[in-house]
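Data block below; observations after.
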Amino acid sequence: MSKKLFIKTYGCQMNVYDSQRMIDTLKPLGYELGETPEEADFIILNTCHIREKAAEKVYTELGRLKKLKQDGGDVIIGVAGCVAQAEGQEMVRRAPAVDLVFGPQTYHRLPELLRQVEQDRAERDRLQVAAAEAGHKPAKRKPLRLVDTDFPVEQKFDELVAETESQGPAAFLTVQEGCDKFCSFCVVPYTRGAEFSRPVAQVLDEAKRLVDQGVCELTLLGQNVNAYHGETAFGQTWGLGQLINGLAEIDGLERIRFTTSHPNDMTDDLYEAFRDQPKLMPYFHLPVQAGSDKILAAMNRKHTRQQYLDVIARLRDMRPDLALSGDFIVGFPGETDQDFAETLNIVTQVSYAAAYSFKYSPRPGTPAADIAAQVPEEVKSQRLAMLQELLNAQQEAFNHATKGRRLSVLMERAGRVEGQLVGRSPYMQAVHVEAPQRLIGKIVDIDVTYAGANSISGTVVTHDLSHTPTQTQAA
Ligand code: SAH
Ligand code: SF4
Ligand code: F3S
């Protein structure tokens, strides 16, 4: 009989990828993906620890899920991801409803962990029946509660079950995991461990399987994806640019993206890929976090404002139409009005097509959390509002600049409005168009007629549907 699995995913794209792999891994055990926690036999919360709010969401959700057990249900509740890794045993104490706590490097052991929980429960049931038969009041037996937060990352990728679930035309593929940078605000080096690159052949094989399932756009994932240095079968080491070129040779793979990168890990082969590789999309997410050298140093980013600007200049040299996006933190400890003005100023200088911005959130165990000069919440809110106003205006301006152009768009799924499809332009813009369902999974040319703050829309160019659509070339 099939059992139902419910997964709720928080945080970054790597968690989205990981959740997919957990689904694949549990399939041979008879688990099918369900729609609600109520019908589930096994619930997984795949969690994020990056900011306090993200981590707290998990406990709110666990509070809700607890009721499923109080009502006598036999559901197994597991917590995966970065909160699981960071809190481990502590989580079991804080949230008694949890049966399993397992970190990001243990997902290949999921079948074994589940078997242990199931065996433990069977034993509990057996003892209860025996007690009832003997006329005793069944003794309360504490179920087993497992915590597995081991670290060897190599093994995971070797042992995870091959992907079976179709992900639609655009899919994620983790090529690198972990981080050695230790930015002073960030939990990732503690939750994901040391930097590790998957071997080239493993990545190419997985990409081919995904393309066979109908994927035509791949986003390569890594906490520091441009630090990728994978071994080839011939003992060479490939950087990300070489990997992108290798992947581009796969027939049927039309578009390649990657995220997230660090300014200090730029290599010649990656710059050149933006110039020479037509399958690499002209969109680059390169966080700078702050514009002041003083704050960059305190963040342990190990580069200056000017070094970041030099990287951007060289990228634009390679690919003049490159759309840039970034991450920003406001209110890092010690950030003055002057420092913040420099963040606004670097944003103006670069001009972003999209961006993510956050109020600094002190994270337990990170060096910045112990700095005395924390910025008041109110000041953080004001700065965030100012920064977002500027970033939103830039995004809208970027969208407007594409009005009147013909862009190739990958149609990913049906839109909310009947008869509408949603896709992505080469620049990652969300695109809404009236188009027939059969175009889902296809790359079509769109004449952009409308540009809003968050998306663009236009009309499908029908006359050349039989031709290969134009990939946007560098201007
Ligand atoms: N590896 C990526 C990003 C990892 S986390 C990089 O190096 O940029 C994603 C983003 O969350 C970060 O870029 C940063 O902007 C934000 N972030 C990380 N820790 C944070 C914290 N303690 N408070 C607020 N934002 C944070
Ligand atoms: Fe975190 Fe910095 Fe590593 Fe990015 S580079 S994951 S921000 S420590
Ligand atoms: Fe969050 Fe972990 Fe990703 S902390 S952002 S889920 S790497």
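Counting convention: from 1, in listed order, for ligands and their atoms alike. These values consider heavy atoms only, across backbone and side chains, with no hydrogens, waters or symmetry-generated copies.
Counting atoms of ligand 2 from 1 in the listed order, those under 4.0 Å from a heavy atom of Phe185 are 7 (S). Listed by number with element, the atoms of ligand 2 under 4.0 angstrom from any heavy atom of His262 are 5 (S). Ligand 2 places these atoms under 4.0 Å from at least one heavy atom of Cys179: 3 (Fe), 5 (S), 6 (S), 8 (S). Interface atoms of ligand 1 facing Tyr360, defined by a heavy-atom separation under 4.0 Å, are 23 (N), 24 (C). Taking every heavy atom of Thr260 and a limit of under 4.0 angstrom, the matching atoms of ligand 1 come to 2 (C), 6 (C), 8 (O). Ligand-side atoms of ligand 1 in range of Pro287: 8 (O), range being under 4.0 angstrom from any heavy atom. Those atoms of ligand 2 that come under 4.0 Å of a heavy atom in Pro189, given as number and element, are 8 (S).
Residue contacts with ligand 3 include Gln223, since one of its heavy atoms falls under 4.0 Å from the ligand. Within the structure, the closest approach of Met14 to ligand 1 does not fall below 4.0 Å when heavy atoms are considered.
Counting heavy atoms from C-beta on, the side chains of Tyr352 and Phe398 never come closer than 4.5 Å. Side-chain contact between Phe157 and Thr174 is present, with heavy atoms from C-beta onward closer than 4.5 Å.
For atom 1 (Fe) of ligand 2, the nearest non-hydrogen atom of the protein is Cys186 SG, 2.3 Å. For atom 5 (S) of ligand 1, the closest non-hydrogen atom of the protein is Ile50 CD1, 3.5 Å. Protein heavy atom in closest approach to atom 13 (O) of ligand 1: Asp327 OD2, 2.6 Å. What sits closest to atom 8 (S) of ligand 2 on the protein, heavy atoms only, is Cys183 N, 3.3 Å.
Contacts between Phe185 and ligand 1 below 4.0 angstrom, taking non-hydrogen atoms only, involve backbone and side chain alike. Residue-level proximity to ligand 2 for Pro287 is absent, since no heavy atom of it falls below 4.0 angstrom. For Asn224, every heavy-atom contact with ligand 2 shorter than 4.0 Å involves the side chain, none the backbone. Within the 4.0 Å heavy-atom criterion, both parts of Ser361, backbone and side chain, lie near ligand 1. Contacts between Phe182 and ligand 2, counted as non-hydrogen atom pairs separated by less than 4.0 Å, involve the backbone only.
With no hydrogens or angles considered, no side-chain donor-acceptor pair links Asn264 and Arg301 at under 3.5 Å. With no hydrogens or angles considered, a side-chain donor-acceptor pair links Asp158 and Gln202 at under 3.5 Å. No side-chain donor from either of Thr106 and Lys156 sits under 3.5 Å from a side-chain acceptor of the other. Remark: the Thr402 side chain and the Tyr427 side chain contain no N/O donor-acceptor pair separated by less than 3.5 Å. Side-chain contact of Thr348 with Asn345: a donor-acceptor pair under 3.5 Å is absent, judged by distance alone. Between Asn399 and Gln395, the side chains place no donor N or O within less than 3.5 Å of an acceptor N or O (distance only, hydrogens not considered).
For atom 7 (O) of ligand 1, the nearest non-hydrogen atom from the set Arg301, Lys181, Arg363 comes from Arg301. Between the choices Arg192, Arg301, Lys181, the shortest heavy-atom distance to atom 4 (Fe) of ligand 2 belongs to Arg301. Relative to atom 24 (C) of ligand 1, the option among Gln289, Arg192, His285, Lys359 with the closest non-hydrogen atom is Lys359.
Residue Arg51 places at least one N or O, backbone or side chain, under 3.5 Å from an N or O of ligand 1. For ligand 1, none of its N or O atoms has an N or O atom of Asn224 under 3.5 Å away. Remark: ligand 1 and Gln223 share an N or O pair separated by less than 3.5 Å (distance only, no angle test).
For Arg21 and Tyr107, the positive end is not near the middle of the six-membered ring at less than 6.0 Å and at most 45° from its axis. Cation-pi geometry between Arg109 and Phe102 is not met: the NZ or CZ atom fails to fall both under 6.0 Å from the ring centre and inside 45° of the normal.
Taking the six-membered ring where tryptophan is involved, the planes of Phe185 and Phe332 are perpendicular, since the angle between them exceeds 60° and thus also 30°.
Below the 2.8 Å limit, atom 1 (Fe) of ligand 3 has as protein N, O or S neighbours Cys48 SG.
Taking the six-membered ring for Trp and the full ring otherwise, the centers of Phe328 and Tyr356 sit at least 6.0 Å from each other.
When distances from atom 26 (C) of ligand 1 to the protein are checked, a heavy atom turns up under 4.0 Å.
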Applying side-chain hydrogen bond (donor to acceptor under 3.5 Å, both in side chains), run through Gln388 and Ser357 and close with a yes or a no. CA-CA 7 Å; Gln388 289 187 337; Ser357 47; 3.0 Å; yes

For Phe258 and Phe284, what are the C-alpha separation, side-chain angles and deciding distance, and is it a ring pair (Phe, Tyr, Trp, His ring centres under 6.0 Å)? CA-CA 8 Å; Phe258 61 89; Phe284 193 14; 5.3 Å; yes

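Using modelled atom types, one side-chain atom of Tyr308 and one backbone atom of Leu286 make a donor-acceptor pair closer than 3.5 Å.
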